[in-house]
Structures are given as C-alpha cells and as structure tokens.
Amino acid sequence: MRRVAIIGAGSAVFCKTLMLDMMATEALEDTEFVLMAPSTRKTSQVAAFADRVIKRNGLKSKVSVTTDRREALRGADYVICSFQIGGMGAFELDYKIPLRYGVDQCIGDTLGPGGVFRALRTIPVILDVARDMEELCPKATMLNYVNPMAMVGWALGETNIQYVGLCHGVQTTLDLISGYVEVPKSEIDFVSAGINHMGWFLKIEHKGKDLYPELRRRFEQPEYYVNEKVRGEVFRHFGYFMTESTGHLSEYVPWFRKSPKAMELYCDEPAFGGESGAAYHWGEYVARKYEERDLLADEPADLPPRSIEYCAYIIEALETGKTFKFSGNLRNNGMIANLPADCCAEGPLFADRTGIHRTIVGELPPQCAALNMTNINVQRLAVLAAKSGDPETVVQAVAMDPLTSSVLTLKEIRDMVTEMLQAQAQWLPQFAGRLPRPTPVIPIPADVRRAHVPIDPALAIFSRFGELAK
C-alpha cells in the first residue's frame, strides 16, 4: 500500500478533490492517506468524509490524521503540499499594508509585496519539509501546490528531493481558448511554456491548422475582449496568449493597476476579474461562513470523475508506467533556453515509471522572455531574502516588482517593507527583528551651495553647447 502524506490537509475542499481523484484511479485505490495540519479541526472533517467515501465505494484506501509533520512524512511514497503559512491573518497584512501605500493587489499570492512576503513565510517551511524528506522518505516525490509557485519551486530546485510544482492555469486557459475559437478542448494541440502564472501558448492548433489568427480576430471584437481585457491587451501587444486571467496578470505588469484611470479601464470586472483584494475578501468570507461548520458534512459519498488536477495522473504514471504529459514547474536547467538555468520554469513535462522529465522547448519569443524576466528578477531576490534573512534583499526584491515600482518611490518601498516585516515578525523568524536600514529623504535647502565635484559628462556637454549658443 502506497503512502501519501498531505501537508496542509486543512485545505478541506482542495484536499478532498485530490483524494477523490486518487480513489477514482483504479491503480491507486489501495492508498494510505496521512493528513497533516497544525490542528485537527479541519483534517478530522476531511478524514470523516473520506471514510464515508471508502465505505460507500468498497475501497481499500485508508486515512489517518496527525499534527506531527515528521510522522506524516516517515516512509511516504508521495508528499503533497498545499499549506498557507500565516493563514488569513498574514494574507490580510499582505493586502492591506501595500494598499495604504498605493499598491493595489487583486490576488497577491504570486508577485508584488503580497507574493514576496508569502514567499518569505513559506520558503523556510517548505525547505524544512524537504530536509525531513531527505531523512525520512528520500525516494518520495513532492507534488507542490503551494504559492508563490515559482519562488517556492526555485527554492526546492536547490535541494536534493524529487519534486514538481503543479497549477491549473494551463488547463483552465485551454478551456477559455476552446470557447473563443469554438474548437473542442480535446482536439487542440498546444505548447505552453514560460513561468508559473506567466506561461505563453507558443502553439495552438487544430488538426494542423494554426488557431492564432482566429483567436486574434476574436480579441479585436468588443464582445470577446471585454471578458479578458488585461490578458487580451497583453496578447494584442506581445503577440502570444498567456496562462493567467485579468485579476492575476494585472499584478505582474506595470500597466493596469498603477492608477485609478488604469483600474477603471482594464480592471473593472468584479471579484477575480480585477477587483481590489478579491482573493483576500473571498478567503475571509469563506473562513467566516464555515468557521463553525463542517464544510464536507453534506458532500455526496459517490466517487465523481477525476478533476482537472494533474496530481492523480502523475502518481498513476509513476506507479504504473502509463505515460502522462502535462504542464509543470521544475528548475529550468535548459528547458527554456533564454530563461536562467536556475529559475523555476513552467513547461511541457511527462511522467512515467522512471520519474518526471523535462522536454526541451528552445527559446521563447524574445518579448515573452523579456516579460518573464521582469518577474524572475523579483523571484531571485525574494528566494535569496527568504533563505538569508537579509531585510535589504527584501527591499530590493519589492523594488524590482513591476507594479510596485510603477507607483512608489524607493523611499516609500523601503518604508512599506519595514512596516510589513514588523507586522509579520511572528511568521518570519529568519529576520529575527532585523529591519531595513533607515534611508531618510535628504533635505536640500533653497540656498544650498553645490559642492565642487566633477560635472556629469552629459551635463558638461549640454553646458558647453549652451556656451556656444551664446
């Protein structure tokens, strides 16, 4: 019986989905699920639901609950991570502090101040999980769903464990493309590559016919464009369709959330269509609504068809050798030639009995790689900050963020980061009270006498032209 440890199993609905997918897979019916979270309040509900499903469907699966991470990992064959360090308390600070400074985030879990601070909280913990795996289950494969995926995956790429980062952006975007071009999803051949939440559909074809001309034509029509204005606008200017929707994508680039005018023009759809704080407000609503209720109490015990999540298909491939092709996140290592080798790249992978394997994409179109690099620059510094505990590196990471840098000065960014480090200190032990060094504005008196220093060459040339003009 294979052992699957789910770290962060208090994410009840998502945990339930992954377990049902595995239970619905014939080759995985006899799986032992070990549900781990710091509290048993939610995991006991998930376990009770799973037991009902097992009994109703006559399955061989088993479920247990623990609050001890090492106990969950001991002897595991697979480790699924889906936790959120700091919960809604930290998420509130990720959203509300930057908003007071003028940085308006819709989701705030991938880039921007929210994504950077989520990485600072998360990376030390997931590296602890990796170290435990090296000791307790060195042959296990980690399937990671924890955001920020690219930053977490970057850190995992520097360990010795087998891992893959999983998201559903490619699958859900393919549904959207299918609807736009009116071709069944199952008949679309595609290649998607880039970074998580900013992957590019490099090819979309139907029976050998390029679907891009039709997709471009549709996005010039208001009735189509209105549904995805940010993604549509990036598509129109950069030439390729991306894996993230308006709410997410608007945070990763400098053009759509930097002013009320831009927000009104491009981010006026409700909720995840661009609304300020959509993910935080939704999470708060769900947490409040189900605080004292069993979310799964009335869920049917019948086994549904497998969901769009890749997890069960990958484990099935690793167990049986039945090859499964999917889009996933790994250390780049040459998969995408014009992105850094050490970054976490998202591209076409396949799993079989011998493991999880990259395919070679080659180079992204230069404009797509350039846009990816604006995010990768932030990711590199954020990973370094999370591991080193250097507050100056946090400032530099946030200063490189495209949205933040479009609305704040360096002094304002430093002040915001300082406030966030102070507010989130309980989840950031690696900083141990260290804060960015004060960098006050230097006052310049009206009658200041300039020091005699070498003049900048450009100013010297301008000055000389001025003299000649006289």
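What you are looking at is a predicted structure, and each value in this text was computed from that prediction instead of being measured. No hydrogens, no waters, no symmetry mates; every other heavy atom, side chains included, goes into these values.
With rounding to the nearest 0.5 angstrom, the CG atom of Asp68 is 9.0 Å from the CG atom of Leu73. Between the OG1 atom in Thr141 and the CD1 atom in Ile80 there is a gap of 11.0 Å [rounded to 0.5 Å]. The line from CD of Gln430 to CG of Asp390 is 11.0 Å long, rounded to the nearest 0.5 Å. Atom OG of Ser245 and atom CD1 of Ile107 lie 6.5 Å apart (nearest 0.5 Å). Between the CD atom in Glu228 and the CG atom in Leu249 there is a gap of 8.5 Å [rounded to 0.5 Å]. Note: Asn377 CG to Met400 CE = 4.5 Å, rounded to the nearest 0.5 Å.
The aromatic rings of Phe235 and Phe219 sit perpendicular to each other, their planes meeting at more than 60°, with 30° as the lower class boundary. In this pair, His197 and Tyr252 present their aromatic rings parallel. The plane angle is below 30°, not in the 30 to 60° band.
When all heavy atoms are compared, the tightest approach of Tyr266 to Tyr225 is CE2-OH, 3.6 Å. Heavy atoms only, all atoms of each residue included: Val378 and Ala397 are closest at CG1-O, 3.5 Å. In terms of heavy-atom proximity, Pro348 sits nearest to Ser192 at CD-O, 3.5 Å. When every heavy atom of Ala76 is checked against every heavy atom of Ala5, the shortest pair comes out as CB-CB, 4.2 Å. When all heavy atoms are compared, the tightest approach of Gly239 to Arg216 is O-NH2, 2.9 Å. Val164 and Leu330 get closest at one heavy-atom pair: CA-CD2, 4.0 Å.
Judged purely by atom type and a 3.5 angstrom limit, Gln105 uses its side chain to pair as donor or acceptor with the backbone of Asp94. Using a distance-only test at 3.5 Å, with no hydrogens or angles considered, a donor-acceptor pair links the side chain of Glu251 to the main chain of Cys106. Using modelled atom types, one side-chain atom of Tyr180 and one backbone atom of Tyr224 make a donor-acceptor pair closer than 3.5 Å. Remark: side-chain polar atoms of Thr172 are paired, donor with acceptor, to backbone N or O of His168 under 3.5 angstrom. A side-chain donor-acceptor contact under 3.5 Å links Ser250 to the backbone of Gly247. Counting only distance, with no hydrogens or angles, the side chain of Arg118 and the backbone of Asn147 share no donor-acceptor pair below 3.5 Å. The main-chain N or O of Asn329 is never found under 3.5 Å from a side-chain atom of Glu346 such that the two would form a donor-acceptor pair. Although no hydrogens or angles enter the test, the distance criterion places no donor-acceptor pair under 3.5 Å between the side chain of Glu275 and the main chain of Cys267. No donor-acceptor distance shorter than 3.5 angstrom exists from the side chain of Thr43 to the backbone of Val65, with no hydrogens or angles considered. When atom types are taken as modelled, the side chain of Tyr163 and the backbone of Asn144 share no donor-acceptor pair closer than 3.5 angstrom.
When ring centroids are compared, His281 and Tyr95 come within the 6.0 Å threshold.
The 12-atom threshold is exceeded at CD1 of Ile360, counting heavy atoms of other residues, nucleotides or ligands nearer than 6.0 Å. The 12-atom threshold is not exceeded at CG of Leu410, counting heavy atoms of other residues, nucleotides or ligands nearer than 6.0 Å.
Residues that satisfy the side-chain hydrogen bond (donor to acceptor under 3.5 Å, both in side chains) test with Asp268, not counting sequence neighbours, are Lys229. For Glu220, the salt bridge (Lys or Arg N to Asp or Glu O under 4.0 Å) test picks out Arg236, with sequence neighbours left out. Applying the salt bridge (Lys or Arg N to Asp or Glu O under 4.0 Å) test to Lys203 and every residue at least two apart in sequence or in another chain returns nothing. In this structure, Lys42 has no salt bridge (Lys or Arg N to Asp or Glu O under 4.0 Å) partners at least two apart in sequence or on a different chain. For Arg434, the side chain to side chain contact (heavy atoms under 4.5 Å, CB included) partners two or more places apart in sequence, or in a different chain, are Pro391. Scanning for salt bridge (Lys or Arg N to Asp or Glu O under 4.0 Å) contacts around Arg449 gives an empty result, with sequence neighbours left out.
Within the structure, salt bridge (Lys or Arg N to Asp or Glu O under 4.0 Å) pairs that include any residue of residues 256-267 comprise Asp104-Arg257 (at least two apart or interchain). Residue pairs meeting the ring pair (Phe, Tyr, Trp, His ring centres under 6.0 Å) criterion with at least one member in residues 117-155, sequence neighbours excluded, are Phe14-Tyr145. Residue pairs that meet the salt bridge (Lys or Arg N to Asp or Glu O under 4.0 Å) test with at least one member in residues 395-414, sequence neighbours left out, are Glu392-Arg414, Lys411-Asp415. For the salt bridge (Lys or Arg N to Asp or Glu O under 4.0 Å) condition, the pairs that include at least one residue of residues 416-432, sequence neighbours left out, are Arg100-Glu419.
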Sequence neighbours excluded and cut-off under 3.5 Å, please list the side-chain donor-acceptor pairs for residues 333-343, or say none.
from	atom 1	to	atom 2	distance (Å)
Asn333	OD1	Arg331	NE	3.1
Asn338	OD1	Leu364	N	2.9
Asn338	ND2	Leu364	O	2.9
Asp342	OD1	Arg380	NH2	3.1
Asp342	OD2	Arg380	NH1	2.8

Considering only distance and modelled atom types, tabulate donor-acceptor pairs under 3.5 Å from the side chains of residues 127-134, sequence neighbours left out.
from	atom 1	to	atom 2	distance (Å)
Asp128	OD1	Arg131	NH2	2.6
Asp132	OD1	Arg70	NH1	3.1
Asp132	OD2	Arg69	NE	3.3
Asp132	OD2	Arg69	NH2	3.1
Glu134	OE2	Asn160	N	3.3

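Checked for salt-bridge contact, Glu158 and Lys387 meet the test: a charged N lies under 4.0 Å from a carboxylate O. For the pair Lys185 and Asp175, the salt-bridge criterion is met [side-chain N within less than 4.0 Å of a carboxylate O].
Between Phe256 and Val234 the shortest side-chain heavy-atom distance falls below 4.5 Å. Residues Gln162 and Ile356 are not in side-chain contact: their nearest non-hydrogen atoms beyond the backbone lie 4.5 Å or more apart. By the 4.5 Å heavy-atom criterion applied to side chains, Ile204 and Phe241 are not counted as neighbours. Counting heavy atoms from C-beta on, the side chains of Arg358 and Asn332 never come closer than 4.5 Å. Within the 4.5 Å cutoff, the side chain of Pro113 has no heavy atoms near those of the Val116 side chain. Within the 4.5 Å cutoff, side-chain heavy atoms of Val394 are placed close to those of Phe431. Counting heavy atoms from C-beta on, the side chains of Tyr310 and Gln171 come closer than 4.5 Å. Using a 4.5 Å heavy-atom threshold, the side chains of Cys344 and Met151 count as separate.
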Between Met198 and Glu244, is a side-chain contact (heavy atoms from CB on, under 4.5 Å) present by the stated rule, with each step listed?
CA-CA 6 Å; Met198 197 185 273; Glu244 274 312 310; over 6 Å; no

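Under the side-chain contact (heavy atoms from CB on, under 4.5 Å) rule, Val398 has a single partner from Thr393, Leu408, Val417, which is Val417.
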